[in-house]
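Just so you know, these numbers come straight off a predicted model, no measurement behind them. Reckoned from all heavy atoms, side chains included, excluding hydrogens, waters and symmetry mates. Whatever order the structure lists ligands and atoms in, that order sets their numbers, starting from 1.
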Amino acid sequence: MASLKWSLVTLDEVSSTQDEAAKLAEAGADEGTVVMAATQTEGRGRTGRSWLSPTGGLYFSLLVRPKSVNRLQLLPLVASFSVVDGVRDSTAVKSSVRWPNDVVVHGKKASGVICESSFKGGKPKYSLVGIGVNCNSSIKSLGRLSRRVTTLAMECGHEVDVSAVLRATLTSFQGLYSKWESGEDVIASRKSDISTIGQRVELRKKDGKTVRRMVLDVTSEGELAVKQTRKSMYVRAEDVDLVTELGS
Ligand code: BTN
């Protein structure tokens, strides 16, 4: 399977790199197109939340053209693992994935991933993998979130090279994406990178209910296996609005 060839589009201020990438995708842009922007005025997060995008951060969207809908729900995890690798390889900061799509350092969010897909006749036309990384943004510019988030600069004690974080993340994504495309299990070997496993969590569900559960595992299908009296219960990312890790 051919690996993704990157073609980078760099923009200054946009509403959202997801919107710019969608325009290019609709116009027939190749898989591997990457749209990066210095700032976003309407950065999008998961489940309708916004993503604050002050200067100093890394904001980009990758265009991929998956062949089928099978295992599409794993793309956010694939992208999150590539951020963990990219951050480690470019800055030496150790991060982990807070299921389903946050990348955290010492429990604070440093990066988030969103995947949006367009379909035709039951098949994906394209998917846009949007990644935001708090690199050198000032913590003040992240406003009310500032107690729950961190930046790579804060973790390193100095500014980081934003393009190095991008390059290293893309390199890892290439490898993980081709494994995912060829049907390999992309979770089994990465469980030690998921901080949620082995923790008690509070899950705020999309139906408004909040439950507290012990996390046993993340399955090869990307579901969270949690303890429910004597058996396991499986939770899908699409049914969950917010995950708070409460500790082990
Ligand atoms: C989340 O944590 O809920 C996901 C955040 C994803 C943010 C990135 S920044 C680049 C891309 N463009 C967007 O509008 N969102 C994603």
Side-chain angles (χ1 to χ4, degrees), residues 6 8-25 29 33-64 73-84 86-87 95-105 107-118 126-137 141-152 162-163 165-167 169-170 173 194-196 201 203-206 222 236-245:
W6 303 121
L8 182 63
V9 177
T10 311
L11 302 168
D12 191 11
E13 182 180 284
V14 294
S15 56
S16 158
T17 56
Q18 294 289 96
D19 296 339
E20 298 300 321
K23 284 184 214 157
L24 295 175
T33 300
V34 178
V35 179
M36 181 174 95
T39 58
Q40 303 181 112
T41 52
E42 289 165 47
R44 283 204 287 286
R46 231 183 121 244
T47 65
R49 283 191 287 272
S50 57
W51 176 262
L52 281 176
S53 311
T55 51
L58 170 60
Y59 315 110
F60 65 104
S61 299
L62 314 177
L63 165 62
V64 287
Q73 82 283 0
L74 291 172
L75 264 190
L77 278 165
V78 164
S80 303
F81 293 138
S82 72
V83 174
V84 168
V87 165
S95 60
S96 53
V97 175
R98 179 168 62 202
W99 184 90
N101 71 327
D102 291 345
V103 175
V104 296
V105 182
K108 293 189 171 189
K109 182 159 170 170
S111 168
V113 171
I114 185 174
C115 289
E116 297 173 317
S117 299
S118 168
Y126 58 84
S127 296
L128 303 172
V129 180
I131 300 180
V133 187
N134 301 329
C135 289
N136 300 320
S137 341
S141 63
L142 297 168
R144 63 184 173 77
L145 299 173
S146 58
R147 275 188 306 131
R148 285 181 284 134
V149 302
T150 188
T151 69
L152 298 183
V162 177
S163 13
V165 178
L166 171 68
R167 278 196 307 274
T169 302
L170 292 179
F173 187 84
I194 305 175
S195 60
T196 322
V201 291
L203 303 172
R204 195 171 79 201
K205 303 241 196 116
K206 289 235 178 97
R236 294 182 309 179
E238 66 196 68
D239 297 329
V240 175
D241 191 29
L242 194 69
V243 179
T244 310
E245 293 177 345

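For ligand 1, none of its N or O atoms has an N or O atom of Tyr59 under 3.5 Å away. On a distance-only criterion, Trp51 and ligand 1 share no N/O pair closer than 3.5 Å. Considering both main-chain and side-chain atoms, Glu42 never comes within under 3.5 Å of ligand 1 through any nitrogen or oxygen pair.
Applying the 4.0 Å criterion to heavy atoms of Phe60 picks out, from ligand 1, the atoms 10 (C), 11 (C). Listed by number with element, the atoms of ligand 1 under 4.0 angstrom from any heavy atom of Ser16 are 12 (N), 13 (C), 14 (O). Per-residue contacts place Gly43 under 4.0 angstrom from the following atoms of ligand 1 (heavy atoms of the residue considered): 14 (O). Which parts of ligand 1 touch Ile114 is read off a 4.0 Å heavy-atom cut-off, strictly below it: atoms 6 (C), 15 (N), 16 (C). Within the listing of ligand 1, atoms 1 (C), 3 (O), 4 (C), 5 (C) sit less than 4.0 angstrom from a heavy atom of Gly45.
Using a 4.0 Å cut-off between heavy atoms, Arg49 makes no contact with ligand 1 at all. Residue-level proximity to ligand 1 for Ile131 is carried by the backbone, the only part with a heavy atom below 4.0 angstrom. Counting heavy atoms under 4.0 Å from ligand 1, residue Val113 touches it through the backbone alone.
Of all protein heavy atoms, the one lying nearest to atom 15 (N) of ligand 1 is Arg44 O, 2.7 Å. Closest to atom 9 (S) of ligand 1 among all protein heavy atoms lies Gln40 NE2, 3.4 Å. The protein heavy atom nearest to atom 11 (C) of ligand 1 is Thr17 OG1, 3.2 Å. For atom 2 (O) of ligand 1, the nearest protein heavy atom (residue, atom name, distance) is Lys109 NZ, 2.6 Å. Atom 3 (O) of ligand 1 has its closest protein heavy atom at Arg46 N, 2.6 Å.
Of the possible polar contacts, one joining the Tyr59 side chain to the Pro54 backbone as a donor-acceptor pair under 3.5 Å is found. Side chain of Glu20 to main chain of Val35: no donor-acceptor pair is present (N/O by atom type, distance under 3.5 Å, no hydrogens or angles). Trp99 places a side-chain N or O within 3.5 Å of a backbone atom of Gly222 that can act as its donor or acceptor partner.
A heavy-atom distance below 4.5 Å is not found between the side chains of Tyr126 and Thr33. Contact check for Ser195 versus Glu245: side-chain heavy atoms found under the 4.5 Å cut-off. A heavy-atom distance below 4.5 Å is found between the side chains of Arg46 and Pro100. Side-chain contact check for Val64 versus Leu75: some heavy-atom pair is nearer than 4.5 Å.
A salt bridge does not link Asp239 to Lys206: none of the charged side-chain nitrogens sits closer than 4.0 Å to a carboxylate oxygen. Note on Lys109 versus Asp102: salt bridge recorded, some NZ/NE/NH1/NH2 to OD/OE distance being below 4.0 Å.
For the side chain to side chain contact (heavy atoms under 4.5 Å, CB included) test, residues two or more places apart in sequence or in another chain that qualify with Ser80 are Val97, Asn101, Val103, Val113.
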